[in-house]
Amino acid sequence: MFIISIFGIIILALSWYQLRHPAWNWERSQGWKVDGASEPSENYLVAVEIGSVFGIVFGALMVLLGIFKMFY
C-alpha cells in the first residue's frame with residue numbers, strides 16, 4: 001500500500017504546483033501555437049484552480065489511505 005501513498009504525493013505535488021502557477025499547463029499545451037500572442041482566459045484559469053483544489057484533496061486522501069492501509 002506504499003504505492004498508493006507515492007501516487008498521492010505525486011498528485012498532491014502536481015496539483016499544488018498547478019494551483020500556484022495556473023497558466024503553466026496552458027503555456028505547454030497551447031501557448032506554443034500562438035507564439036506568445038495570447039494568454040489563457042479567466043474562465044480557464046478559474047477552472048484550473050478549482051481542479052487543482054480537487055486534486056489536492058484527492059492526493060491528500062490517497063496519502064492518508066496509504067498510511068492507514070500500512071497499519072491496518
Side-chain angles (χ1 to χ4, degrees):
M1 298 308 130
F2 182 69
I3 299 297
I4 293 173
S5 294
I6 297 297
F7 284 137
I9 290 170
I10 292 170
I11 291 171
L12 193 60
L14 290 175
S15 296
W16 181 258
Y17 187 78
Q18 187 72 23
L19 183 65
R20 302 287 293 172
H21 307 283
W24 174 73
N25 192 35
W26 184 86
E27 292 168 359
R28 304 299 175 272
S29 64
Q30 304 296 323
W32 65 273
K33 294 178 186 176
V34 295
D35 198 26
S38 179
E39 293 186 7
S41 68
E42 276 301 311
N43 292 337
Y44 174 82
L45 296 175
V46 169
V48 166
E49 289 174 357
I50 291 170
S52 296
V53 169
F54 282 121
I56 289 170
V57 170
F58 182 71
L61 289 175
M62 285 184 70
V63 169
L64 291 174
L65 178 67
I67 290 171
F68 288 137
K69 288 275 189 175
M70 281 192 283
F71 294 112
Y72 296 109

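Because the structure is predicted, anything quoted here is derived from the model rather than measured. The basis for the numbers below is simple: all heavy atoms, side chains too, and nothing from hydrogens, waters or symmetry mates.
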Once you round to the nearest 0.5 Å, how far does OG of Ser38 lie from CD of Gln30? 10.0 Å

Show which side-chain atoms of residues 21-29 pair as donor or acceptor with protein atoms under 3.5 Å away, not counting sequence neighbours.
| from | atom 1 | to | atom 2 | distance (Å) |
| --- | --- | --- | --- | --- |
| Ser29 | OG | Asn25 | O | 3.0 |

Backbone N/O of Ile11 and side chain of Ser15: donor-acceptor pair under 3.5 Å: yes

CG-CD1 distance between Leu19 and Ile56, expressed to the nearest 0.5 angstrom: 5.0 Å

CE-CD1 distance between Met70 and Ile4, expressed to the nearest 0.5 angstrom: 9.5 Å

Working to the nearest 0.5 Å, report the span between CD1 of Ile6 and CD1 of Ile9. 5.0 Å

Linking Ile, Leu, Val, Met, Phe, Trp and Tyr by side-chain heavy atoms under 4.5 Å, what else ends up with Val57? Leu61

So CZ of Phe2 and CZ of Phe7: to nearest 0.5 Å the spacing works out to 11.5 Å

Please list every donor-acceptor pair under 3.5 Å in which a side-chain atom of residues 42-49 meets a protein atom from a residue at least two apart or in another chain.
none

Before giving the answer on side-chain contact (heavy atoms from CB on, under 4.5 Å), spell out for Phe54 and Ile50 the whole-Å C-alpha distance, their side-chain angles and the decisive distance to 0.1 Å. CA-CA 6 Å; Phe54 282 121; Ile50 291 170; 3.6 Å; yes

Rounded to the nearest 0.5 Å, how far apart are CG of Leu65 and OG of Ser5? 7.5 Å

